[in-house]
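Read through the structure below, which is laid out as structure tokens, and then see the notes.
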Amino acid sequence: MSDSLSLSSLDTSSYDPAKPPPLNYTIKCNRREAAIAIFFLLIFIEAGVLPLILFYSIRWGAHLDNTKNLAIITSTVGTYSGYKLARRSWYLFISDSSHQRRPLGASRFGPDAFTIQISLGMTGFFAPLIIGSSLSPASVHTVAMSLSCFMIAFCFPLLITGIWPHKLKVPFRVSSMPPYTGLPPAVYTIVEDIVAVDGGGCVEFRQAWRIRYEHSAIMRRIVRVTSLWWGSSGMILAGAFIAIAWTTPDDVGYGIGWGLPWLWAIVSAAITVWYVNKELQREVDEWSDPDVHKVFSLHIAQTVDEEKVAQEVNEFNDRNV
């Protein structure tokens, strides 16, 4: 199946221009909700609960020095996340269905944007973790920076693409975006890549997501606002967490460095869910307003089916001007 022509899950024959273009994807099936909950629970345990329990139990219970304590913690962190990244790479590059999951127009071994972004984040995470635990004596303050450095590395693309949407250009492909094309806010590629690869939405979702983004001003606003929120709050708070970790005793700094980033993530996720649901309902209620579904092109070549959807939406706009 050709990536550029794959649009089987976007039923253009039943598309109603009076409603937002459907994404034809939901997490409320095939045990996806349970799988998402289990994934975040295990990541939280691996990079949140476990480092905190091990550090304080070994420090206060076994009375081992910081070097041995942090060496034990470093050896346990990264097992599940490493497995998930390897599994994702298999889906994207190697499996027989990889051509259905990779970005539109990308080569077989062309990584998507989320692979690059999460790799930068993981580098920021493991660098202080490994360096701090390798010193003699080990540095608790350096290890306490791990999650905050992940936040900085991961949130920086969110912030700059949110501030300058469709203004920044790079000489290489970013997911489905061709080289030298203005980059959308990074939440756009995060949603596209995670759902297409990890969620099994494949290229059908990439096509449907692009059409929804291009035809909905509210969806573009959702993507930009969430990019700005996660990017700005993550960068600012990460800097604050690092400063606190280095200016407080070991016990306090370590707990702040490994605990507060998770509090930020949980609160931000709750705010995001509330905001997105509110805006999606507004999108449906106000769809008859031409300003709500004003077309904005991402400059990705359209298939015949996609052009048909665009034409129907434009005709509906004209009738309601």
Side-chain angles (χ1 to χ4, degrees), residues 36 39-52 73-74 76-93 103 110-133 142-163 168 170 172-175 177 183-199 223 226-242 245 256-269 272:
I36 293 172
F39 168 76
F40 282 111
L41 176 62
L42 292 177
I43 289 292
F44 177 56
I45 292 174
E46 178 194 54
V49 176
L50 197 60
L52 288 171
I73 293 172
T74 301
T76 61
V77 175
T79 51
Y80 180 69
S81 55
Y83 159 73
K84 292 299 291 185
L85 284 175
R87 186 166 179 259
R88 188 174 197 279
S89 298
W90 169 268
Y91 282 147
L92 189 59
F93 305 128
D112 58 12
F114 182 72
T115 298
I116 298 173
Q117 190 170 350
I118 195 64
S119 297
L120 291 174
M122 296 302 287
T123 300
F125 174 80
F126 281 109
L129 180 65
I130 295 172
I131 292 173
S133 60
T142 303
V143 173
M145 293 170 52
S146 298
L147 282 177
S148 298
C149 289
F150 173 88
M151 290 168 61
I152 292 173
F154 190 83
C155 292
F156 181 69
L158 289 163
L159 179 61
I160 60 172
T161 55
I163 294 175
L168 303 176
V170 293
F172 50 84
R173 175 177 292 278
V174 178
S175 287
M177 305 299 298
L183 299 178
V187 163
Y188 175 86
T189 52
I190 290 174
V191 172
E192 176 190 343
D193 295 337
I194 290 178
V195 176
V197 180
D198 305 277
V223 170
T226 51
S227 292
L228 286 171
W229 167 254
W230 283 90
S232 60
S233 63
M235 294 286 289
I236 293 171
L237 290 179
F241 297 156
I242 291 174
I256 289 174
W258 286 92
L260 289 187
W262 284 106
L263 178 61
W264 162 77
I266 293 170
V267 172
S268 294
T272 300

> Which residues satisfy the side-chain hydrogen bond (donor to acceptor under 3.5 Å, both in side chains) test with Ser133, sequence neighbours excluded?
Replying inline: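 Partners of Ser133 under the side-chain hydrogen bond (donor to acceptor under 3.5 Å, both in side chains) test: Thr74.
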
>> My understanding is that only residues two or more places apart in sequence, or in another chain, count here; which of them pass side-chain hydrogen bond (donor to acceptor under 3.5 Å, both in side chains) with Ser175?
In response: Asp193

> Listed by chain and number, what are the ring pair (Phe, Tyr, Trp, His ring centres under 6.0 Å) partners of Trp264, not counting sequence neighbours?
Replying inline: Trp230

>> Tell me every residue that passes ring pair (Phe, Tyr, Trp, His ring centres under 6.0 Å) with Tyr188, counting only those two or more places apart in sequence or in another chain.
In response: Trp209, Tyr213

> Any luck finding a side-chain donor-acceptor pair between Trp229 and Thr272 under 3.5 Å?
Replying inline: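 No pair is found: no donor N or O on one side chain lies under 3.5 Å from an acceptor on the other.
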
Side-chain contact, heavy-atom cut-off 4.5 Å: [X] with [Y]?
X	Y	answer
Leu120	Phe154	no
Val77	Pro51	yes
Val143	Ile73	no
Ile118	Phe150	yes

>> Show every side chain to side chain donor-acceptor pair (under 3.5 Å) that has at least one partner inside residues 110-128, sequence neighbours left out.
In response: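 For residues 110-128, and leaving out neighbouring residues, the side chain to side chain donor-acceptor pair (under 3.5 Å) pairs sorted by first residue read Arg88-Asp112, Arg88-Thr115, Asp112-Thr115.
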
Could you list the donor-acceptor pairs under 3.5 angstrom formed by side chains in residues 39-49, with sequence neighbours left out?
residue : atom : partner : partner atom : Å
Glu46   : OE1  : Ser81   : OG           : 3.3
Glu46   : OE2  : Gly78   : N            : 3.0
Glu46   : OE2  : Thr79   : N            : 2.8
Glu46   : OE2  : Tyr80   : N            : 2.8
Glu46   : OE2  : Ser81   : N            : 3.3

> Considering all heavy atoms of both residues, which atom of Thr161 and which atom of Pro184 are nearest to each other, and what is their separation?
Replying inline: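 Closest pair (atom of Thr161, atom of Pro184, distance): CB-O, 3.6 Å.
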
> Looking at Ser148 and Phe241, what are the two nearest heavy atoms and their distance?
Replying inline: OG-CB, 3.3 Å

Contacts of [X] that satisfy side chain to side chain contact (heavy atoms under 4.5 Å, CB included) - sequence neighbours left out:
X	value
Ala245	Ala144
Ile194	Phe114, Ile190, Asp198
Ile266	none

>> Show me the pairs that pass salt bridge (charged side-chain N to carboxylate O under 4.0 Å, His left out) and involve residues 148-162, at least two apart or across chains.
In response: none

> Is a side-chain N or O of Thr189 found less than 3.5 angstrom from the main chain of Ala186, in a donor-acceptor match?
Replying inline: yes

>> Using 0.5 Å steps for rounding, measure from the CE atom of Met145 to the CD1 atom of Ile152.
In response: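 Here the interatomic distance stands at 7.0 Å.
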
> When rounded to the nearest 0.5 angstrom, what distance separates CD1 in Ile160 from SG in Cys155?
Replying inline: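 Ile160 atom CD1 to Cys155 atom SG measures 12.0 Å (nearest 0.5 Å).
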
